[in-house]
Protein chains: 2
Amino acid sequence: MAVKVLIYEDNDALRNGLEDLLSLSDEFEVAGAYPNCVQVASDIAKLDPDVVLMDIDMPEITGIEALKIIRNTNRELPVIMLTVFDDNKNVLDAICAGASGYLLKKNASDKLVSSIKEVLSGGAPLSPAIAKMVISSMHSGPGGDYHFTEKEKEILKLLCKGMSYKMIAAETKLSFETIRSYIKNIYSKLQVHSATEAISKAMNERLV
Amino acid sequence: MAVKVLIYEDNDALRNGLEDLLSLSDEFEVAGAYPNCVQVASDIAKLDPDVVLMDIDMPEITGIEALKIIRNTNRELPVIMLTVFDDNKNVLDAICAGASGYLLKKNASDKLVSSIKEVLSGGAPLSPAIAKMVISSMHSGPGGDYHFTEKEKEILKLLCKGMSYKMIAAETKLSFETIRSYIKNIYSKLQVHSATEAISKAMNERLV
DNA sequence: ATCAAAATACCCCAAAATGGGTATTTTACA
DNA sequence: TGTAAAATACCCATTTTGGGGTATTTTGAT
């Protein structure tokens, strides 16, 4: 049976192009092709597609928002995101929101069919530039350098594990007051004023 | 000028195979091919390769350790990891340690040349199974279900941003005491006893 | 219509964290 | 061989959190 594809793409030319491209092969059947996602939840319930192609940049509801709506009820349905921009933030947001794959539009005509097959067989198609971005985001080293000493880093790590001053003191065999001194220094280097802020900053900037 | 490739692979047959494969093309030059990484730092200083192929599973020093050693002094040199296993932990560890690309050995002969070219042009070659794994690790959903209500989730998020009770109260337009009530509930559901523990747990289990 | 859960809010008290200091000893490096 | 940075440690005062309650109103589901 043909694979049912649901398309969301606001650009008319591209949307029709994608439809035509998929119609060329009898392996695929376009279940629907819409210029916006306002009905995404009911579209999916009604059309029951096997895979969704979703443009990121759409009016009303962005592709990422639509993806989140889909993921609210369906963790499995493969959704391949399409975008013109390989702009960092959108890509990471989409992947975090649960995108199954990510194609740049310039690669779409080339790779579309193979990408759909890839997600259906459990793979994750990524345009080369996107793969690069995902990888770099994963090893984005420490953002700024806060010039922590080794001891400070050690104590910051323990703090990020959720330990209290007392516990850190016990763990490091240092006095409670010493821990306080270190933490005061850490806060001033991070320019924060509480453990919660420090942990938040440290985790988000991958300092630990 | 030929691209200088440095190879670390403990299996003699595969190491020789890789050498032969690269020698077929005059675009590549094997700068060295070693069965272990004990000298990795000095090898690289001496041979100044353009790209490194690194097996993950090696005696003495694992490929991941070697990668960390390389990254201590060189953040740029492309290092492509090779492995037989698409085992989750190693792959993620390698990527976090700064791998530029990741190939399953079964894909190596096919994809080696194109992968090397891809890293040199700033891309990130990943075997399909690996891409999948990286993506899934990024959207690994919440581990356990703590049965938070929507409001609790909202407040937990704000807490994880480093906000104090006062700030959360202001942000949500709820009273300070209400926030305290929620947070007490959150702690009891998470089985923790402080904001630092809660944030640590929430971040690590991707509850936010 | 009823009942449970969720949302909202307050009280008291104790414990922990924060901010402002200061001070001594080690370590590393110019 | 100084000397600056790092590591260690303490004091005082205030604010913020945490743990124990209780209570009212709203919402949702049976």
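Chain naming here is simple, since letters A, B, ... match the order of the sequence lines and numbering starts at 1 in each.
Distance CZ (F148(A)) to P (dA7(D)): 12 Å, rounded to an integer number of Å. Atoms NZ (K184(A)) and P (dG20(C)) sit 9 Å apart, rounded to a whole Å. In this structure, L156(B) places its CG atom 14 Å from P of dA7(C), rounding to the nearest Å. Between E197(B) atom CD and dA16(C) atom P the separation is 12 Å, expressed in whole Å. Between E150(A) atom CD and dA5(D) atom C1' the separation is 14 Å, expressed in whole Å. Rounded to a whole Å, the CD1 atom of I183(A) is 17 Å from the C1' atom of dG20(C). For the pair I179(B) CD1 and dT16(D) C1', the computed distance is 15 Å after rounding to whole Å. To the nearest angstrom, P of dA6(D) lies 16 Å from CD of E154(A).
Between the side chain of S181(A) and the base of dA9(D) there is at least one donor-acceptor pair of N/O atoms closer than 3.5 Å.
With distances taken from any side-chain atom of L174(A) to the nucleotides dG20(C), dA7(C), dT8(D), the minimum falls on dT8(D). Closest contact between the side chain of E177(B) and the listed nucleotides dC11(D), dC12(C), dC10(C) involves dC10(C). The side chain of Y182(A) sits closest to dA7(D) out of dC11(D), dA7(D), dC11(C). The nucleotide whose nearest atom lies closest to any side-chain atom of K151(A) is, among dT8(D), dG20(C), dC10(C), dT8(D).
Note: I168(B) CD1 to E171(B) CD = 9.0 Å, rounded to the nearest 0.5 Å.
The shortest distance between the side-chain N/O atoms of K166(B) and the OP1/OP2 oxygens of dT16(D) is below 4.0 Å. Residue Y187(A) places none of its side-chain N or O atoms closer than 4.0 Å to OP1 or OP2 of dG19(C). Remark: S175(A) is in phosphate contact with dC10(D), judged by side-chain N or O atoms under 4.0 Å from OP1 or OP2. Contact between the side-chain N/O atoms of T149(A) and the OP1/OP2 oxygens of dA7(D) is found at a separation under 4.0 Å. At dA9(C), one or more side-chain N or O atoms of T178(B) fall inside 4.0 Å of OP1 or OP2 (strictly under the cut-off).
A 4.5 Å side-chain heavy-atom check between Y34(A) and Q39(A) finds every atom pair outside the cut-off. Within the 4.5 Å cutoff, the side chain of E154(A) has heavy atoms near those of the T172(A) side chain.
In this structure, A2(B) and E29(B) approach most closely via the heavy-atom pair CB-CB, 3.8 Å.
Position along DNA chain C of the nearest nucleotide to F176(B) versus L159(A) favours F176(B) as the more 5'-ward residue.
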Determine whether E205(A) and Y146(A) satisfy the following criterion, side-chain hydrogen bond (donor to acceptor under 3.5 Å, both in side chains), listing intermediate values before the conclusion. CA-CA 11 Å; E205(A) 302 192 18; Y146(A) 295 94; 2.8 Å; yes
